[in-house]
Structures are given as structure tokens and as C-alpha cells.
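Right, one structure below, let's go through it.
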Amino acid sequence: MYNELKGKTAIVTGASSGLGKAIALRFGEEKMNVIVNYLNKKEEAQQVAGDIEKAGGKAIAVQGDVSVEEDIDRLIQSAHEHFGSLHVMMNNAGIQNEVPSHEMTLEEWNKVISVNLTGTFLGSTKAIAYMLEHRIQGSVINMSSVHEIVPWPHFVHYAASKGGMNMLSQTLALEYAGQGIRVNNIAPGAINTPINKEKFDNEEQRDEVLSMIPMKKIGEPEQVASVAAFLASDQASYVTGTTLFVDGGMKLYPSFAAGKG
Ligand code: NAD
């Protein structure tokens with residue numbers, strides 16, 4: 001636990017499930033005020049908000065599509081109106097779908113880019129504008145992926161969106177370091193969340209994924225949430241413009257593990 005997080009305010013996008021939910025709950029355990037953003041799972045988001053309150057934090061569920069500018073404005077407005085501040089912006093919402101690149105439509109490309117990359121651009125820059133206006137030395141955390149550096153056939157839109165987030169976060173980190181605003185990415189590998197349910201429910205596919213992880217374990221959402229809490233905290237006060245990989249070693253070229261090559 002990080003004592004200084006108590007009473008601070010965070011927005012977590014896509015917080016009704018998976019990693020966003022785990023991070024929102026962890027922020028609740030830190031006794032933070034949390035805007036629990038959801039796209040369409042209202043009841044789940046309200047449940048998360050209720051669990052945060054039980055843990056000693058404060059929370060409200062707020063609907064919003066991260067790819068829509070007015071919706072991001074509304075999230076920030078909600079943080080200001082309900083909690084009077086915004087210290088941590090956790091841009092977590094993201095989507096993916098599998099399509100061979102030569103069959104991918106412009107619509108499919110635009111959809112993933114607009115949620116993953118444009119949504120992160122809107123969330124980051126508008127949170128930074130708020131922090132500058134209110135002289136807050138805040139933390140912006142963007143949920144990337146190992147695919148910010150690892151190519152991924154059939155997911156070119158997703159890999160391009162996460163690769164773009166790498167440069168987005170580094171550029172913002174450099175631009176606002178002087179004002180004390182930190183911008184970092186978290187890059188998970190394979191984590192046990194709804195986005196992977198179909199894959200992990202299939203034993204063969206699960207084993208295939210495990211073979212790509214040097215630690216031979218699928219990650220749990222709480223193992224990502226603890227990294228988000230660290231990046232939000234003063235313990236990371238000198239950390240900016242970096243990506244923390246939470247992947248059991250997935251990006252370490254596992255095919256070299258036996259000393260071959
Ligand atoms: P998930 O599907 O449970 O979470 C994604 C959330 O984003 C959902 O709650 C969904 O409703 C929300 N969302 C989708 N479009 C939205 C929009 N336009 N506006 C607001 N919310 C929207 O899956 P997850 O694994 O928890 O994914 C969370 C993030 O983690 C994503 O950015 C994903 O790319 C990233 N990630 C996940 C893994 C993994 O293994 N689970 C690995 C690397 C990166």
C-alpha cells in the first residue's frame with residue numbers, strides 16, 4: 001500500500017472488467033477516489049464502484065466511450081465535480097479482433113485505432129490539460145501491451161495502436177516532465193481477463209500461449225494492478241517516459257531459452 005495515494009483521485013477507463021476492474025479495485029484498496037468508466041456494462045461498473053466503497057475508497061460509475069472527445073471531457077468533469085481533483089489518469093480501455101491483414105477493412109482498422117490509440121491520446125492530453133490548469137503533478141498511465149514492440153500477425157491494427165502508444169507516451173512524458181507530470185506505459189503479456197477467455201478456455205491454445213512465456217504462467221489482473229499502483233505512487237516519482245513490461249518474460253525471445261541460436 002502507498003499511504004500518499006489515500007484521498008487522491010483517479011479515472012480508470014474500461015473499468016467494468018478485466019485489468020481496468022482490477023486496477024480500480026486496487027485504487028479502492030489504496031482508499032482513492034475512483035471514476036469507474038464503462039462503455040456498456042453499467043451493472044458491473046456499479047458493482048466495482050460498490051466494492052471500492054466497501055474497501056474504504058470513494059467511487060462512481062460513469063458511462064463514456066473513450067474514442068469520443070465529449071465523453072472524455074465528461075469523465076474529467078465528473079472527477080472535478082465529485083472529488084474536486086484529478087491526480088491519476090489510467091487509460092486502460094482497449095479492444096482487439098483477429099483478421100488477416102490483407103482482409104482487414106478500413107472500418108476494422110479505424111475502430112481499433114480510435115479506441116486504443118485515439119482514446120489514449122484524448123484521455124492523456126485532456127488529463128494533462130486539467131493537471132496543468134490546476135497545478136497538479138499527476139501521473140498518466142497508459143495500458144499498452146507487449147505488442148508495442150512485438151509484431152502480431154492478424155492483429156496489425158492492435159499492434160500498430162500499441163506501438164503508437166509507445167511514442168505517444170514518450171513524447172508526452174518529455175513535453176510535460178518540466179511540470180512534474182509523469183507519463184508511463186504498462187505492457188502486459190498474457191493475462192487472465194475476458195479479452196483472452198476464448199483462447200485460454202481452449203487447452204491447446206492455452207498451452208501454445210504458455211510455451212511463449214518463460215515463467216510458464218498466465219498472469220493475473222492483480223499482478224498488473226500492483227504495477228499501476230506503483231506508477232501512480234510517489235515511489236515512482238522519478239519514473240517517466242518508460243514502459244513497464246508485466247509479461248513473465250514474454251518479450252525475451254523465449255525461443256532462445258535453451259541456449260540455442
Ligand atoms: P477486457 O475486454 O476485459 O477490457 C477492456 C475494457 O475496455 C472492457 O471493459 C470494455 O468494455 C472497455 N472498452 C472497450 N471499448 C471501449 C470504449 N470505446 N470506451 C470505453 N471502454 C471501452 O480486456 P482486458 O484484458 O482487461 O483489456 C484491458 C486493456 O489491457 C486493453 O487495452 C488491452 O489491450 C490491454 N492488454 C491486455 C492483455 C491481456 O492479456 N489481457 C495483454 C496486453 C494488453
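One is the number of the first residue; the rest follow in order along the sequence. Bear in mind the structure is a predicted one, so any value in this text is a computation, not a measurement. Whatever order the structure lists them in is the order used to number ligands and atoms, beginning at 1.
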>> If you take the nearest heavy atom of each of Thr193, Thr13, Val246, which one is closest to atom 25 (O) of ligand 1?
In response: Thr193
> Closer than 4.0 angstrom: is that true for some heavy atom of Ala22 and an atom of ligand 1?
Replying inline: no
> When you check the side-chain N and O atoms of Gln47 and Glu43, is any donor under 3.5 Å from an acceptor?
Replying inline: no
>> Between Asn110 and His157, do the side chains contain a donor N or O and an acceptor N or O under 3.5 Å apart?
In response: no
> Is the backbone N or O of Gly241 less than 3.5 Å from a side-chain atom of Asn184, with the two atoms forming a donor-acceptor pair by type?
Replying inline: yes
> Polar-atom distance check: Ser67 versus ligand 1, any N or O pair below 3.5 Å?
Replying inline: no
> For atom 39 (C) of ligand 1, which candidate among Asn196, Val209, Asn116 holds the nearest heavy atom?
Replying inline: Asn196
>> Checking the N or O distance criterion of under 3.5 Å, is ligand 1 in contact with Leu39?
In response: no
> ligand 1 and Asn40, any nitrogen or oxygen pair closer than 3.5 angstrom?
Replying inline: no
> By number and element, which atoms of ligand 1 are closer than 4.0 Å to a non-hydrogen atom of Ala190?
Replying inline: 40 (O)
> Do Ser67 and Asp65 have side-chain atoms, one donor and one acceptor, less than 3.5 Å apart?
Replying inline: yes
> ligand 1 and Gly20, any nitrogen or oxygen pair closer than 3.5 angstrom?
Replying inline: no
> Going by the order shown, which atoms of ligand 1 are within less than 4.0 Å of some heavy atom of Pro188?
Replying inline: 42 (C), 43 (C), 44 (C)
>> Is it the case that the side chains of Glu198 and Asn202 hold a donor-acceptor pair, with the cut-off being a distance below 3.5 Å and no angle test?
In response: no
>> Evaluate Ser211 against Glu208 for side chain to side chain donor-acceptor pair (under 3.5 Å), listing each step before the verdict.
In response: CA-CA 5 Å; Ser211 74; Glu208 201 181 327; over 6 Å; no
>> Just to confirm my output: which protein heavy-atom neighbour is closest to atom 9 (O) of ligand 1, and how far is it?
In response: Ser17 OG, 2.8 Å
> Does a salt bridge link Glu30 with Arg26, judged by any charged N lying under 4.0 Å from a carboxylate O?
Replying inline: yes
> Which atoms of ligand 1 have any heavy atom of Ser16 under 4.0 Å away?
Replying inline: 9 (O)
> Relative to ligand 1, is Val115 under 4.0 angstrom through side chain, backbone, both or neither, heavy atoms considered?
Replying inline: side chain
> Out of Gly94, Ser114, Gly14, Ala45, who gets a non-hydrogen atom closest to atom 5 (C) of ligand 1?
Replying inline: Gly94
> Between Trp152 and His147, does the ring centre distance come in under 6.0 Å?
Replying inline: yes
> Quick one: does Met165's side chain get under 4.5 Å of Leu117's, heavy atoms only?
Replying inline: yes
> Hey, which of Asn92, Asn116, Thr13 is the one that makes side chain to side chain contact (heavy atoms under 4.5 Å, CB included) with Met143?
Replying inline: Asn92
>> Between ligand 1 and Lys41, can you find any atom pair, the residue atom being a heavy atom, that is separated by under 4.0 Å?
In response: yes
> Is it the case that Gln179 and Arg135 place a side-chain donor and acceptor less than 3.5 Å from each other?
Replying inline: no
> Is Ile128 close to Leu172 at the side-chain level, that is, under 4.5 Å between some pair of heavy atoms?
Replying inline: yes
>> Tell me whether Asn92 has any N or O atom under 3.5 angstrom from an N or O of ligand 1.
In response: yes
>> Could you tell me if the side chain of Leu122 sits less than 4.5 Å from the side chain of Thr120, heavy atoms only?
In response: no
> Any N or O on Tyr158 sitting closer than 3.5 Å to an N or O of ligand 1?
Replying inline: yes
>> Which of the numbered atoms in ligand 1 are under 4.0 angstrom from any heavy atom belonging to Leu19?
In response: 26 (O), 30 (O), 37 (C)
> Heavy-atom contact under 4.0 Å between His147 and ligand 1?
Replying inline: no
> Which atoms of ligand 1 have any heavy atom of Ile95 under 4.0 Å away?
Replying inline: 14 (C), 15 (N)
>> Any donor-acceptor pair under 3.5 Å linking the side-chain atoms of Ser17 with those of Glu44?
In response: no
>> One residue to check: Asn37. Relative to ligand 1, which of side chain, backbone, both or neither has a non-hydrogen atom less than 4.0 Å away?
In response: side chain
>> Taking 4.0 angstrom as the limit and counting only heavy atoms of Gly189, give me the atoms of ligand 1 inside it, by number and element.
In response: 38 (C), 39 (C), 40 (O), 42 (C), 43 (C)
> With backbone taken as N, CA, C and O and side chain as the heavy atoms from C-beta onward, which portion of Ala187 lies under 4.0 Å from ligand 1: side chain, backbone, both, or neither?
Replying inline: neither
>> Under 4.0 Å from a heavy atom of Gly18: which atoms of ligand 1 are those, numbered in the order shown and with their elements?
In response: 3 (O), 26 (O)
>> With a 6.0 Å cut-off on the ring centroids, do His80 and Tyr130 count as close?
In response: yes
> With atoms numbered from 1 as shown, which atoms in ligand 1 lie under 4.0 angstrom from a non-hydrogen atom of Gly64?
Replying inline: 19 (N), 20 (C)
> To the nearest 0.1 Å, how far is atom 22 (C) of ligand 1 from its closest protein heavy atom, and which atom is that?
Replying inline: Ala93 CB, 3.6 Å
